[in-house]
Amino acid sequence: MKPDVKICGLSTPATLRAALERGASHIGFVSFAKSPRHLDTAPMAELARLVAGRAGTVIVTVNPDDDLIARLSEEVRPDWLQLHGKETPQRVAEVKARTGLKVMKALPVSDARDLDAIAAYRGVADRILLDSKRPKGSNLPGGNGVSFDWTLLTALDPDLSYMLSGGIDAANVAEALAIARPSGIDVSSGVESAPGVKDVGRIHAFFDAIERATAAG
Ligand SMILES: O=C(O)c1ccccc1N[C@@H]1O[C@H](COP(=O)(O)O)[C@@H](O)[C@H]1O
């Protein structure tokens with residue numbers, strides 16, 4: 001089955017159009033000042049208008065306070081908020097109730113014990129996103145282009161619908177899909193030519209690789 005594909009950290013109309021034309025299910029924009037992909041709300045809202053119902057619009061945030069959540073919700077009108085910090089299940093529920101938006105909760109994984117955290121968020125978050133842990137020296141909790149051991153995920157309940165992220169690109173996405181069998185794939189660095197610079201050619205190569213992998217069964 002074809003996985004959902006989220007292209008994250010877009011910041012130009014040309015790369016956004018390429019992702020939409022190739023059938024991205026989710027388009028991610030980053031609201032985190034330390035990120036090279038950060039967008040202020042005005043340019044984010046302008047790009048979000050181009051998505052116009054063709055995909056789900058996701059805003060990636062890290063431990064956002066209520067003011068930021070209100071501003072992003074009102075000015076950008078996304079479909080989803082991606083919480084990529086240390087938000088508790090209670091906070092996820094509160095954000096959903098305050099905004100009426102769907103919430104994707106990112107959980108960091110490096111070993112099997114990290115998967116225990118999923119239980120507390122299941123049924124609270126609309127979707128779980130499994131990402132690598134922040135590497136030493138990075139000040140970003142995501143978007144580091146680093147993968148983790150996907151074989152850990154073979155132990156998960158097959159009914160868990162989750163997105164896989166972390167260091168996925170055109171060269172390894174077939175392997176990630178074959179091993180982990182996630183219902184969605186999320187990519188940021190893997191379709192960039194430099195940190196924060198999305199590349200139309202790499203976006204096409206990424207979708208080509210997914211099409212080859214899923215056509216092969
Ligand atoms: O992309 C960022 O800069 C970012 C900043 C803060 C939190 C999350 C961020 N990105 C998310 O990280 C993962 C994996 O990215 P990559 O493919 O390894 O570069 C993805 O979910 C992005 O949404």
Side-chain angles (χ1 to χ4, degrees), residues 3-12 15-16 19 24-40 43-44 47-48 55-64 68-69 72 76 78-87 92 95 102-110 114 121 125-150 153 161-173 175-177 180 182-199 202-203 205-207 209-210:
D4 287 347
V5 180
K6 172 167 166 265
I7 306 291
C8 199
L10 289 156
S11 58
T12 65
T15 53
L16 173 58
S25 60
H26 298 73
I27 296 292
F29 301 117
V30 176
S31 172
F32 186 58
K34 291 179 191 163
S35 169
R37 305 166 187 101
H38 169 80
L39 288 178
D40 289 333
M44 194 187 284
L47 287 172
T57 304
V58 184
I59 303 181
V60 180
T61 61
V62 180
N63 304 316
L68 178 59
I69 286 174
L72 292 171
V76 184
D79 302 296
W80 292 79
L81 291 172
Q82 177 175 322
L83 301 180
H84 217 106
K86 294 189 186 306
E87 302 86 5
V92 171
V95 169
K102 289 179 274 193
V103 170
M104 195 173 312
K105 176 65 185 112
L107 296 173
V109 181
S110 67
D114 296 320
Y121 291 92
D126 296 280
R127 201 140 185 197
I128 302 290
L129 171 71
L130 299 176
D131 190 13
S132 307
K133 278 198 179 152
R134 177 199 305 248
K136 270 198 187 115
S138 171
N139 56 7
L140 299 178
N144 292 299
V146 172
S147 57
F148 65 95
D149 177 4
W150 300 318
L153 305 179
S161 169
Y162 71 94
M163 282 222 171
L164 175 61
S165 73
I168 301 172
D169 58 25
N172 65 15
V173 67
E175 188 187 356
L177 290 171
S183 61
I185 284 278
D186 182 358
V187 63
S188 186
S189 314
V191 292
E192 291 180 342
S193 55
V197 183
K198 290 288 181 292
D199 183 276
R202 287 175 204 229
I203 291 172
F206 191 69
F207 281 97
I210 291 176

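Side-chain atoms are counted along with the backbone in the values below, which use heavy atoms only and exclude waters and symmetry mates. Both counts, for ligands and for their atoms, begin at 1 and track the order of listing.
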- prompt: Does K6 approach ligand 1 within less than 4.0 angstrom via side chain, backbone, both or neither, non-hydrogen atoms only?
  reply: side chain

- prompt: Which bit of H38 is near ligand 1, meaning a heavy atom under 4.0 Å away: side chain, backbone, both or neither?
  reply: neither

- request: Would you mind checking which non-hydrogen protein atom is closest to atom 17 (O) of ligand 1, with the distance to 0.1 Å?
  value: S188 N, 3.0 Å

query: Heavy-atom contacts under 4.0 Å between C8 and ligand 1: side chain, backbone, both, or neither?
result: side chain

- prompt: Which protein non-hydrogen atom lies closest to atom 21 (O) of ligand 1, naming both residue and atom, and how far is it?
  reply: D186 OD2, 2.6 Å

task: Give the residue, atom name and distance (to 0.1 Å) of the protein heavy atom nearest atom 9 (C) of ligand 1.
output: G142 C, 3.5 Å

task: Please say whether I168 places an N or O atom under 3.5 Å from an N or O atom belonging to ligand 1.
output: no

- prompt: Just which atoms of ligand 1 are under 4.0 Å from any heavy atom in L129?
  reply: 21 (O)

Inter-residue atom distance W150.CH2 - N172.CG, 0.5 Å rounding: 4.0 Å

Where ligand 1 meets G166 - atom numbers and elements under 4.0 angstrom, heavy-atom basis: 14 (C), 18 (O)

task: With the side chain counted from C-beta on, respond yes when P108 and R134 share a heavy-atom pair under 4.5 Å apart, and no when they do not.
output: no

- prompt: Between V62, V60, T61, which is the residue that forms a side chain to side chain contact (heavy atoms under 4.5 Å, CB included) with Q82?
  reply: V60

- prompt: Under a 4.5 Å cut-off applied to non-hydrogen side-chain atoms, are C8 and V187 in contact?
  reply: no

Pairs where residues 183-194 contributes a residue and the test salt bridge (Lys or Arg N to Asp or Glu O under 4.0 Å) is met, not counting sequence neighbours: K6-D186, R37-E192, E192-K198

query: Can you tell me how far CZ of R202 sits from OG1 of T15, rounded to the nearest 0.5 angstrom?
result: 13.0 Å

query: Quick check: does G145 get an N/O under 3.5 Å from an N/O on ligand 1?
result: yes

- line: Closest to atom 3 (O) of ligand 1 among protein heavy atoms sits S35 OG, 2.6 Å

- line: Among non-hydrogen protein atoms, atom 13 (C) of ligand 1 lies closest to D131 OD2, 3.4 Å

query: Distance from K105 atom NZ to L130 atom CG, nearest 0.5 Å?
result: 11.0 Å

- request: Drop me the distance from L164's CG to I128's CD1, to the nearest 0.5 angstrom.
  value: 13.5 Å

task: Under the side-chain contact (heavy atoms from CB on, under 4.5 Å) rule, what do F148 and S132 come out as? Steps first, then yes or no, please.
output: CA-CA 6 Å; F148 65 95; S132 307; 3.6 Å; yes

Validation: residues 25-34 side-chain donor-acceptor distances under 3.5 Å, sequence neighbours left out:
residue	atom	partner	partner atom	Å
S25	OG	V5	N	2.9
S25	OG	V5	O	3.1

message: Checking the N or O distance criterion of under 3.5 Å, is ligand 1 in contact with V62?
response: no

Atom of P135, atom of N144 and distance for their closest heavy-atom approach: CD-ND2, 3.4 Å

- prompt: What protein heavy atom sits nearest atom 1 (O) of ligand 1, and how far away is it?
  reply: R37 NH1, 3.1 Å

- request: Just need the protein heavy atom nearest to atom 10 (N) of ligand 1, so name the residue and atom and give the distance.
  value: G143 N, 3.4 Å

- request: Give the numbers and elements of all ligand 1 atoms closer than 4.0 Å to a heavy atom of V60.
  value: 7 (C), 8 (C), 23 (O)

statement: In this structure, CD1 of I59 is separated from CE of M44 (nearest 0.5 Å) by 5.0 Å

query: Can you tell which part of S165 has a heavy atom less than 4.0 Å from ligand 1: side chain, backbone, both or neither?
result: side chain

message: Taking a cutoff of less than 4.0 Å between a non-hydrogen atom of the residue and any ligand atom, is G28 in contact with ligand 1?
response: no

statement: Honestly, for N144 the part within reach of ligand 1 (heavy atoms, under 4.0 Å) is backbone

query: What residue and heavy atom of the protein are closest to atom 19 (O) of ligand 1, and at what distance?
result: S189 OG, 2.4 Å

query: When rounded to the nearest 0.5 angstrom, what distance separates OH in Y162 from CD1 in I185?
result: 8.0 Å

- prompt: So is M163 close enough to ligand 1, meaning a heavy atom under 4.0 angstrom away?
  reply: no

